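Right, one structure below, let's go through it.
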Amino acid sequence: MRTFDYTQEVPVVEGQPSAKSLDEVVSSPLDTKPGKIWKILITVTTLMLLVGAGALVWTFYKGIGVWGNNQPVGWGFDIVNFVFWVGIGHAGTLISAILFLLRQRWRTGIARFAEAMTIFAVMCAGIFPAIHTGRAWLDGYLFPYPNANHIWVNFTSPLLWDVFAVSTYFTVSLVFWYIGLIPDFATLRDRTDNKIKKTVYSIFSLGWRHSTRHWQHYEKAYMILAGFATPLVLSVHTIVSFDFAVSVIPGWHTTIFPPYFVAGAVFSGFAMVQNVLIFVRQAFNLKHIITINHLEKMNQVIIVVGTMVGYAYAMEFFTAWYSGNQFETFTFINRALGPYAWAYWTMVTCNVILPQLFWSKKIRTTIWTMFIIGIIVNIGMWFERFVIIVTSLSRDFLPSSWGMYTPTIYDIGILIFSFGLFFTNVLLFVRTLPSVSIAEVKASVDGAQPSHRGGHH
Amino acid sequence: MNTKKIYSIGGLFDTPDGITKAAEDAVKEGYTKFDVNTPYPVHGMERAMNLKPSLLGFITLFVGLSGAAFAFLFMYWVSVMDYPLIIGGKPFFSWPAFVPVTFEVTVLSAAVGTVAVMIALVFKFPNNSHPLHDTNYMKNVSSDKFGLNVVYIDPLFDESKVKDFLSRAGANNIEVIYEPERKPLRVFDPKFIGLLVMLVLLTAGVTYFTLNKLLYMPPFTWMAVQDKLSSQSQNTMFADGYGMRNPVEGTVARGFTPYEFKGQPDSVVKNLSNPLPFTKENIDKGKLRFDTYCSPCHGYYGKGDSRLNGQFPNPPTLHSDKVKNWSDGNIYHVIVNGQNVMPSYAKQISKDDRWAIIHYIRVLQRSLNAKDSDLETKKQ
């Protein structure tokens, strides 16, 4: 039987590749013609985009009456998908910022990719509130600016906090990501002979010269950004949870929501990043940079936050019973036994029960098992948002105003659109930008730092 | 002989240890204007090069605090001063509700500010035509070598001495880097300016078209076209083709009390007294209602000077002895029941408003027939 020595750090990058070979490996998807698999995948995702775009255009033309949203369920797929996608984004910032501050060096290989996924996920999330307003072309009014109508936004509304949180999150993630890309753009610029590529890389590298006089400020700025991104990522899902917690609907009005939502976000985000990483390392020959060890660590995070989410589910029931509040109690009984019980039990199975399989080392280090569990977790997390939103709204205080919610094909179409957008972006990203941070990986190969300083610190 | 100006002399090193040592040596030799270029940040290099610590953090602090203060004060100004709105019965200044936005704006401004300052001031953006670019030196340090170059502005700069220093330090590829030939700026080229003008016009045109025209073309109907009853247009839903409906027979409006003296003789009504106190507010309200409902026929001063140009019989003046001597109840009776050709105003004017109008009529009567004694009172 193999034994594992947990006191010894597994090397971040396997097999001590030379810096030159890292350049080669990382930039090869950028320099070679796309392969067959990639072409098939991009065809599929663009088709998803097109089909979804049809649903979107029809919504714009006809109005949001074509959706399943009704009275009393005024928040349907639109908000479910919004919360789902914002959650996916959280893994990226967690990996790139929090693990950076915690000096978890295993993050280097996957950070760039995870950040990119954050940006794409927040883009997908942004679609939903924007179209949920009904007339998306008037969304400029979401921002407080001096306008001809002389009115301002309501600064005491959680929905407005959301506008600020999500747009800040997007901007800061983008800046963080771009800052990380600058040295890699410079490296690409100095490698390529292609004139167009050279011009593009020159523009984006901002004249970077790998100078220590710049590195010094650069590292400081990176630290500062990581320092800001950390509370930011926690605040974003907290504020998203305020959309619910600040209301008075039974099942929403609870103080457990912020931590519960953040844990859920990390849970689904890690599952998504893990899934996409598996695909990338397989397709682009990055197995020694994105190692099994990385994936295993991600799976360990998944089981930790998954268990936290399970605890939150249990706690919600306990609070409902302990509060003695009849509406609260009813809401939770209704979740487990009411008309949406199927959704509730899907959620529990996918989020609480199945991820427990990761306790087995074999399962969490085998590619296909972890891939499947990753997908299952995301399905479960999507259902979690569905359960929270739809069950609470469909049956609240007055039985006379209860109602059921059924999505229409347009709702499903727009959900498909968002997946199409996400995966198209991911696919374009892996072929146009270095999906692994070249500079950071070079810096963490064994022997990359002066020996008398004791190597890494 | 090369006539180009030398920018710097650089040497390449293979290992992080080698470059750290070389940087320490360069400091020992007294060089100050030299730079170390490495494909990734090498730990301890700032110390080896004797660089001052980065001050970016202070910029972050300053921008972040300014952002926080701006956000908070702005929300205060909007919610308390410029447009106070009662929301959920909360005070206008509910500071806990301002916390999330303040936090987000702080993070946004601090993060973007730090990066903008770094790119603009530290990297001196854009610096794409730096002499180091496209040299063999740059190509190597971009990938796997570590380079040290001494720039010509260093007081100790001397071509042969620097080369000598680099080879002593163990550099294995010493390269002289020249200033690139500067071409005159082409921004004033008429073609370029023409392009800019075109771009400006195009952007302005497209923006104008989008915001002022496109948004008002179908399908952007701004909800003007809807399947709904609209009161002034024809409607197929009802047999009579009208969109506007009369209320069902016997409908009573909210707050409406039927006239309690309907059809009773004046003598009963006469004894009613005005329940409203004779205050400025009531008089002001009375004036507003009188000007709206009564003045078209009775004139703004109640003199019977109708503005209806004879389309309706002119009423008598309200300053007649008859009306002056009437009790308030009599006037009330006329408003509610009408009198001969004057229709009833019971439907349009609420109870309180009627009494307010009567106060105002009294004011008019008094003001147009002031007695000398009024002046005396005023004088005192």
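Reminder, nothing fancy here: chain letters follow the sequence lines and each chain counts from 1. It should be emphasised that the depicted structure is a prediction, and the values quoted were computed from it without experimental measurement.
There is no contact between A:Lys62 and chain B, counting heavy-atom distances below 4.5 Å. Of the two parts of B:Asn149, neither the backbone nor the side chain holds a non-hydrogen atom closer than 4.5 Å to a non-hydrogen atom of chain A. Contact annotation for B:Trp95: neither backbone nor side-chain heavy atoms come within less than 4.5 Å of a heavy atom of chain A. With a threshold of 4.5 angstrom between heavy atoms, A:Arg189 approaches chain B through side-chain atoms but not through N, CA, C or O. Interface remark: B:Ile87 contributes side-chain atoms only to the contact with chain A (heavy atom separation under 4.5 Å). Contact of A:Arg135 with chain B is made through the side chain alone, with heavy-atom distances under 4.5 Å. Heavy atoms closer than 4.5 Å to chain B are found in both the backbone and the side chain of A:Ile151. Heavy atoms of A:Leu232 lying under 4.5 Å from chain B belong to its backbone as well as its side chain. In this structure, chain A has heavy atoms under 4.5 Å from both the backbone and the side chain of B:Met75. Of the atoms belonging to A:Pro158, not a single heavy atom falls under 4.5 Å from chain B. Proximity to chain A (any heavy atom under 4.5 Å) is restricted, for B:Thr60, to the side chain, taken from C-beta onward.
Rounded to the nearest 0.5 Å, atoms CG (A:Asp190) and CG (B:Asn136) are 10.5 Å apart. Separation of atoms NE2 (B:His133) and OG (A:Ser205) is listed at 6.5 Å; rounding is to 0.5 Å. Remark: A:His210 NE2 to B:Tyr137 OH distance equals 11.0 Å, nearest 0.5 Å. Here CG of B:Leu56 is found 13.0 Å from OH of A:Tyr218. Values are rounded to the nearest 0.5 Å. The CZ atom of A:Phe228 lies 8.5 Å from the CZ atom of B:Phe103; values are rounded to the nearest 0.5 Å. The distance from atom OG1 of A:Thr212 to atom CD1 of B:Ile19, rounded to the nearest 0.5 Å, is 7.5 Å.
Within a 6.0 Å radius of CZ in B:Phe62, no more than 12 heavy atoms belonging to other residues, nucleotides or ligands are found. More than 12 non-hydrogen atoms from other residues, nucleotides or ligands lie less than 6.0 angstrom from CG of B:Leu199. Around CZ of A:Phe204, the count of heavy atoms belonging to other residues, nucleotides or ligands within 6.0 Å does not exceed 12.
Listed options B:Met118, B:Lys145, B:Met138, B:Lys90 were ranked by heavy-atom pairs under 4.5 angstrom with chain A; first place goes to B:Met138. Contacts with chain A were tallied for B:Leu132, B:Thr114, B:Val115; B:Val115 has the most, counting heavy-atom pairs under 4.5 Å. Per-residue heavy-atom pair counts under 4.5 Å with chain A were compared for B:Leu215, B:Val117, B:Val107, and the maximum is reached by B:Val107. Contacts with chain A were tallied for B:Thr106, B:Val42, B:Leu51; B:Leu51 has the most, counting heavy-atom pairs under 4.5 Å. In terms of heavy-atom pairs under 4.5 Å with chain A, the best-connected choice from B:Val78, B:Val105, B:Asn140 is B:Val78.
Between the A:Trp152 side chain and the B:Asp82 main chain, no donor and acceptor come within less than 3.5 Å of each other. Put simply, the side chain of A:Thr187 gets close to the backbone of B:Ser142: a donor and an acceptor are under 3.5 Å apart. A:Arg213 places a side-chain N or O within 3.5 Å of a backbone atom of B:Phe34 that can act as its donor or acceptor partner. No side-chain donor-acceptor contact under 3.5 Å links A:Trp215 to the backbone of B:Glu46. In this structure, B:Glu104 contributes its side chain and A:Val236 its backbone to no donor-acceptor pair below 3.5 Å.
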Working for side chain to side chain contact (heavy atoms under 4.5 Å, CB included), residues B:Asp134 and A:Lys198:
CA-CA 11 Å; B:Asp134 293 323; A:Lys198 182 141 190 128; 2.9 Å; yes
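Of the residues A:Lys220, A:Glu219, A:His217, the one that meets the side-chain hydrogen bond (donor to acceptor under 3.5 Å, both in side chains) test with B:Ser54 is A:His217.
When all heavy atoms of A:Ala439 and B:Tyr40 are compared, the closest pair comes out as O-CB, 3.4 Å.
Side-chain contact between B:Leu108 and A:Thr171: present, with at least one pair of heavy atoms (C-beta onward) separated by less than 4.5 Å.
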